[in-house]
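Take a look at the structure set out below.
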Amino acid sequence: MPDTPPSLPQVAALIGEPARASMLIALMAGKALTATELALEAEISSQTASSHLAKLLDSGLLLMVKQGRHKYFRLRNEQVARLIENLLNLTSSLTQSAHQTGPQDPMLRRARVCYDHLAGELGVRLYQGLLQQGLLVEQDSQARLTEQGKLHFNYLGCDILTLEQSQRPLCRACLDWSERRFHLAGSLGHWILEDIQNRGWAKRIPDSRAMQFSQSGEKALLKRYLLPDITANKVYASKQVTHQSQQA
C-alpha cells in the first residue's frame with residue numbers, strides 16, 4: 001500500500017482511464033493474470049500495460065505475486081472488486097433503456113464469476129432460494145445466515161465456524177450486474193463457488209468470467225440447494241397449454 005492513501009479524485013482517475021478499466025474488469029474473474037495477458041485484454045502494448053500496472057500497484061488497487069520468473073497481478077481484495085462491480089451497475093443504470101442490462105453474452109448472463117463468487121441468473125436464483133427457505137435473511141440490503149442456515153451449510157460440509165472467524169464477512173448481498181437483484185458474496189459465497197467447481201458441475205470459460213454448467217451439474221446444483229427447476233416447469237406448462245388447445 002502507498003504511504004499516503006490515494007484521494008478520491010486520484011482513484012477515480014486511475015479507474016476511469018479506458019485501458020486500466022479494461023484490466024480491472026478482466027481481473028474481476030478472480031484469476032491472477034500476467035502483464036501480457038492484461039495488455040491483450042486492454043488492446044495495448046506491453047510497454048504501455050507496464051506503465052498502467054505500475055500506477056495501479058502504487059495506488060494499492062492491485063497486488064503482484066511473483067512465481068518463478070513470472071509476475072501475476074490481481075485485485076487487492078473484495079472491496080476493490082465490489083467497487084468495480086458497483087461502477088458497472090451504475091454505468092448500466094445511467095444508460096438504461098429498453099434493451100437488457102448487463103452483458104450481452106448469454107453465457108455471462110446465465111452464470112459468471114464475480115471476483116470469487118457465483119453471479120448471473122443462477123447466482124440470483126440461489127440467493128432467492130436461500131431466502132425463501134429461511135436459510136438466509138435480508139435486511140436493509142444486508143444478508144445474514146440464520147441458525148437454520150448455519151446447520152444446513154455445516155451439513156453440506158461447510159465449516160461455518162471457521163468462516164465466521166475470518167476477517168471477511170460471512171455473507172454479503174452483492175447487486176448483480178445483469179439481473180439487478182442480489183446474489184451471495186462473502187466467504188460463504190466463495191465457498192459455494194469452490195464447492196461447485198470441486199464437484200465438477202461447472203467449468204470456467206477461458207479468457208472470460210463465464211461459468212459453463214453441464215446439464216447434470218446444473219441439476220445437481222438445484223437439487224443440493226433445493227431450488228425449483230424453472231426449465232422443467234416451463235416444459236410442463238407448455239405441454240399443458242398444448243394439451244388444452246387440443247381438447248378445445
Side-chain angles (χ1 to χ4, degrees), residues 1-2 5-35 37-44 48-49 51-65 72-96 100-105 107-121 123-124 127 141-143 167-169 171-187 189-190 193 204-205 207-211:
M1 286 288 288
S7 65
L8 177 59
Q10 289 173 323
V11 172
L14 284 165
I15 296 176
E17 200 284 326
R20 291 195 288 267
S22 296
M23 291 177 170
L24 292 168
I25 292 171
L27 292 170
M28 283 292 291
K31 294 171 60 178
L33 299 175
T34 65
E37 291 168 331
L38 289 167
L40 290 173
E41 289 287 343
E43 299 181 345
I44 55 177
T48 303
S51 175
H52 285 312
L53 288 169
K55 293 177 181 179
L56 292 170
L57 284 170
D58 289 342
S59 69
L61 292 173
L62 296 187
L63 289 178
M64 182 181 69
V65 179
Y72 296 90
F73 300 86
R74 63 179 178 86
L75 299 181
R76 181 172 188 84
N77 52 31
E78 187 188 13
Q79 189 176 8
V80 176
R82 193 188 317 170
L83 172 62
I84 304 303
E85 186 77 4
N86 286 340
L87 287 173
L88 287 171
N89 283 322
L90 176 62
T91 53
S92 293
S93 66
L94 292 176
T95 57
Q96 188 172 359
Q100 64 185 11
T101 57
Q104 301 297 313
D105 185 345
M107 292 190 69
L108 278 172
R109 298 182 66 84
R110 180 65 173 167
R112 65 179 179 275
V113 174
C114 176
Y115 185 54
D116 66 352
H117 52 269
L118 181 65
E121 180 186 332
V124 170
Y127 181 87
S141 299
Q142 300 295 319
Q167 295 182 345
R168 186 177 181 184
C171 299
R172 186 174 63 80
C174 182
L175 186 62
D176 196 87
W177 179 24
S178 55
E179 296 297 305
R180 290 298 185 272
R181 293 182 292 165
F182 290 127
H183 58 244
L184 184 63
S187 57
H190 177 54
L193 179 61
R204 299 277 291 272
I205 302 300
D207 303 320
S208 172
R209 291 171 62 186
M211 293 283 294

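For this chain, numbers begin at 1 and follow the sequence in order. Computation of the quantities below employed the complete heavy-atom set of this structure, encompassing side-chain atoms and omitting hydrogens, waters and symmetry-equivalent molecules.
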Verify the neighbour count for atom CG of Asp207: are there more than 12 heavy atoms of other residues, nucleotides or ligands below 6.0 Å?
-> no

What pairs with Arg112 under salt bridge (Lys or Arg N to Asp or Glu O under 4.0 Å), at least two apart in sequence or on another chain?
-> Asp176

What are the two closest heavy atoms between Arg20 and Ala13, and how far apart are they?
-> NH2-O, 3.3 Å

Which heavy atom in Thr91 sits nearest to a heavy atom in Leu88, and how many Å separate them?
-> OG1-O, 2.9 Å

Hey, what do you get for CD (Glu17) to NZ (Lys55), rounding to the nearest 0.5 Å?
-> 8.0 Å

Between Arg168 and Ser187 the two heavy atoms that sit nearest each other are NE-N, 3.8 Å

His117 (side chain) donor-acceptor with Cys114 (main chain) under 3.5 angstrom | yes

Rounded distance (nearest 0.5 Å) linking atom CZ of Phe73 with atom CG of Leu61 = 13.5 Å

Which residues satisfy the salt bridge (Lys or Arg N to Asp or Glu O under 4.0 Å) test with Arg74, sequence neighbours excluded?
-> none

Does any non-hydrogen side-chain atom of His52 lie less than 4.5 Å from one of Ile44?
-> yes

When you look at Val113 and Met211, which way does the side-chain contact (heavy atoms from CB on, under 4.5 Å) test go after all the steps?
-> CA-CA 7 Å; Val113 174; Met211 293 283 294; 3.6 Å; yes

Can you tell me how far the CG atom of Leu108 sits from the OG atom of Ser208, to the nearest 0.5 Å?
-> 4.5 Å

Can you find a heavy atom in the side chain of Leu175 that is under 4.5 Å from one in the side chain of Phe182?
-> yes

Where Arg204 and Gly30 come nearest, the two heavy atoms and their spacing = NH2-N, 4.5 Å

Would you say the side-chain atoms of His190 pair up with the backbone N or O of Asp116, donor to acceptor, closer than 3.5 Å?
-> yes

Heavy-atom nearest pair, Leu184 first then Cys171, reads CD1-CB, 3.9 Å

At what distance, to the nearest 0.5 angstrom, does CG of Leu57 lie from CG of Leu63?
-> 7.5 Å

Heavy-atom side-chain contact between Glu121 and Glu179 under 4.5 Å | yes

Side-chain touch Leu27/Leu62, heavy atoms, less than 4.5 angstrom | yes

Identify whether the distance between the nearest side-chain nitrogen and carboxylate oxygen of Glu85 and Arg209 falls below 4.0 Å.
-> yes

Spatial distance of atom CG (Leu14) from atom CG (Leu24) [nearest 0.5 Å] | 8.5 Å

List the steps, then state whether side-chain contact (heavy atoms from CB on, under 4.5 Å) holds for Val11 with Ser59.
-> CA-CA 8 Å; Val11 172; Ser59 69; 6.0 Å; no

Which distance, rounded to the nearest 0.5 Å, do you find between the CE of Met107 and the CD1 of Ile205?
-> 4.0 Å

Of all heavy-atom pairs between Ser141 and Ala173, which one has the smallest distance, and what is that distance?
-> O-CB, 3.6 Å

